[in-house]
Amino acid sequence: MTDSAFENPRLVKLIYGDTPSFMATPYCPDLSDVRADAIVVGMPYDGIATLRGGATRLAPSWVRKLSLLYGSYNFDWDLEVFKHIKVLDAGDVDIVPGDNARSYERLEARIAAVKKASAVPFMIGGDHGVTYPAVKEAVRDIDYKAGMVIFDTHLDLAESYREDRLTRASPLKRICELPNIDPRRVAIIGARGPRNVQEWTPIARELGIRIYGMSEIEARGITAVAIEALQVASPDGRAPYVSFDIDGIDPAFAPATNSIEPGGLTAREAIDAVRLVCENGLLGFDVVEVAPEHDSASQITSALAARLMAEAFATMAARKAGCERKWKWQPSA
């Protein structure tokens with residue numbers, strides 16, 4: 001973000017309507033001849049839901065709007081992020097309302113174009129179902145078994161929901177079937193509550209997925225859990241995919257989501273955890289299940305979603321600048 005745009009958001013060019021690019025980065029819908037470190041893609045798709053469906057289609061617009069709160073300089077890192085990485089915004093995928101399969105195919109094509117630009121895809125969903133096609137394309141051509149770190153209150157291991165295998169109830173089940181994903185390298189942070197389905201727990205155990213429930217996070221602390229989760233997903237130091245379902249955060253901090261579940265992560269825990277799990281690089285990063293229609297007047301959920309993406313950018317920039325964990329307080333000598 002330029003200084004002038006940071007001081008006066010009205011100077012930011014709009015993608016459409018009143019929607020700016022993410023953090024006022026250059027809007028670049030044509031990716032045929034570009035190179036970047038990270039490219040933002042909006043996926044405004046919301047499929048069938050068990051509660052409060054339909055609202056996540058608005059998230060790419062609102063998360064972009066609230067991203068204008070943040071500039072290139074990150075105080076916590078003492079780092080000018082966009083001096084070290086090039087970030088573009090490719091706009092939204094042109095989805096087909098009500099058609100999961102065709103919408104997912106269009107997202108896969110967009111992620112393929114991002115990869116061709118040598119960039120890491122940063123996706124704003126949409127419901128959590130859209131993580132499956134994003135991961136599918138992100139790992140398509142890699143030469144190793146990739147892992148994932150997922151922040152989520154739910155395990156999302158349904159074989160199908162209402163006879164549909166491509167919904168927000170099934171993304172992790174579909175992802176674990178991909179040939180380039182090792183389920184034993186999948187870690188879920190923040191699982192909790194009585195809205196998970198009973199049969200999902202034994203499925204997770206059978207697949208070898210490592211689940212960090214809230215009682216373990218409370219006992220051990222988010223730092224220890226996030227460091228270990230990255231070791232699960234990336235034992236050889238190779239980049240994982242990171243997916244953040246906003247309902248992993250307590251609704252006191254992120255009320256705008258499809259299925260709220262009290263007792264989750266704090267905003268501070270979420271920010272610190274993202275910083276840590278992105279330390280080995282990224283195959284992709286997404287924030288999903290933000291439902292702006294259900295937010296408070298401050299749009300705090302969209303602001304927090306944008307902040308999580310900004311922190312992932314900062315971690316990328318810090319890797320290039322050679323100043324990892326610069327955000328972490330150290331006692332004076």
Side-chain angles (χ1 to χ4, degrees), residues 13-17 19-47 56-65 67 85-142 146 148 150 166-168 170-171 174-175 178 180-181 239-245 281-290 305-306 308-309 312-313 316:
K13 293 182 179 179
L14 300 178
I15 298 177
Y16 59 87
T19 300
S21 61
F22 190 85
M23 293 180 69
T25 53
Y27 174 46
C28 187
D30 183 1
L31 301 178
S32 58
D33 190 28
V34 300
R35 290 291 181 271
D37 296 291
I39 296 178
V40 177
V41 174
M43 181 59 177
Y45 188 83
D46 194 299
T56 66
R57 74 190 187 281
L58 302 176
S61 176
W62 275 101
V63 173
R64 285 187 175 104
K65 291 175 187 178
S67 76
I85 60 171
K86 180 180 180 181
V87 179
L88 304 174
D89 190 329
D92 288 350
V93 173
D94 185 17
I95 61 133
V96 183
D99 193 326
N100 292 12
R102 290 175 64 196
S103 296
Y104 286 10
E105 288 172 0
R106 294 184 179 189
L107 174 59
E108 288 175 40
R110 202 62 171 152
I111 299 297
V114 171
K115 289 168 56 182
K116 191 174 181 181
S118 302
V120 175
F122 275 70
M123 179 179 68
I124 310 170
D127 69 35
H128 210 170
V130 303
T131 295
Y132 164 60
V135 173
K136 181 181 177 183
E137 183 54 44
V139 305
R140 185 184 301 276
D141 302 319
I142 62 173
M148 287 187 71
I150 304 168
L166 300 176
T167 73
R168 59 180 13 115
S170 305
R174 300 286 83 80
I175 288 168
L178 294 172
N180 286 342
I181 288 287
Y241 188 103
V242 174
S243 177
F244 207 117
D245 186 328
L282 291 165
L283 288 170
F285 183 95
D286 68 53
V287 178
V288 296
E289 293 290 352
V290 175
L308 297 177
M309 292 181 63
F313 290 154
M316 290 181 67

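Position 1 is the first residue of the sequence; numbering continues from there.
In this structure, the salt bridge (Lys or Arg N to Asp or Glu O under 4.0 Å) partners of D89, at least two apart in sequence or on a different chain, are R64.
Here the straight-line distance linking atom CD of E108 with atom OH of Y132 works out to 7.0 Å at 0.5 Å rounding. Between the CG atom in N100 and the CG atom in D127 there is a gap of 7.5 Å [rounded to 0.5 Å]. Taking NZ of K115 as the reference point, atom CG of L283 lies at 9.0 Å (rounded to 0.5 Å). We find the CG-OH distance between D92 and Y16 to be 4.0 Å, quoted to the nearest 0.5 Å.
What you find for F285 and L282 is that their closest heavy atoms are CB-CD1, 4.2 Å. A pairwise comparison of heavy atoms in I95 and P44 identifies CD1-O, 3.6 Å as the closest pair. Y45 and V96 make their closest contact through CE1-O, 3.6 Å (heavy atoms, listed as atom of the first residue, atom of the second, distance). Minimum heavy-atom separation, S21 to S67: O-OG, 4.1 Å. L107 approaches V130 most closely through the heavy-atom pair CD2-O, 3.5 Å. Residue A59 comes nearest to G125 through the heavy atom pair CB-O, 3.1 Å, listed as atom of the first residue, atom of the second, then distance.
No side-chain donor-acceptor contact under 3.5 Å links D37 to the backbone of V87. Judged by distance alone, the side chain of K116 and the main-chain N or O of L31 form no donor-acceptor pair under 3.5 Å. Side-chain N or O atoms of K86 include one that pairs as donor or acceptor with a backbone N or O of R35 at under 3.5 Å. Not a single donor-acceptor pair under 3.5 Å links the side chain of Y27 to the backbone N or O of L14.
Contact check on E137 versus R140 returns a salt bridge, with a Lys/Arg side-chain nitrogen under 4.0 Å from an Asp/Glu carboxylate oxygen.
Side-chain contact between I150 and D245: absent, with no pair of heavy atoms (C-beta onward) separated by less than 4.5 Å. A 4.5 Å side-chain heavy-atom check between I111 and P121 finds at least one atom pair inside the cut-off. Counting heavy atoms from C-beta outward, T56 and V288 have side chains that stay 4.5 Å or more apart.
D286 and T131 share a donor-acceptor pair across their side chains, judged by distance under 3.5 Å alone. Using modelled atom types, one finds a donor on one side chain and an acceptor on the other under 3.5 Å when comparing H128 with S243.
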- Let me see the working for I175 and Y241 under side chain to side chain contact (heavy atoms under 4.5 Å, CB included), right down to the final yes or no. CA-CA 11 Å; I175 288 168; Y241 188 103; over 6 Å; no

- Task: Decide side chain to side chain contact (heavy atoms under 4.5 Å, CB included) for V287 and V63; before the verdict, give the C-alpha distance in whole Å, the side-chain angles of both, and the deciding distance to 0.1 Å.
- Result: CA-CA 10 Å; V287 178; V63 173; 6.0 Å; no

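Ring geometry for F313 against F122 counts as tilted: the plane angle lies between 30° and 60°, on a 0 to 90° scale.
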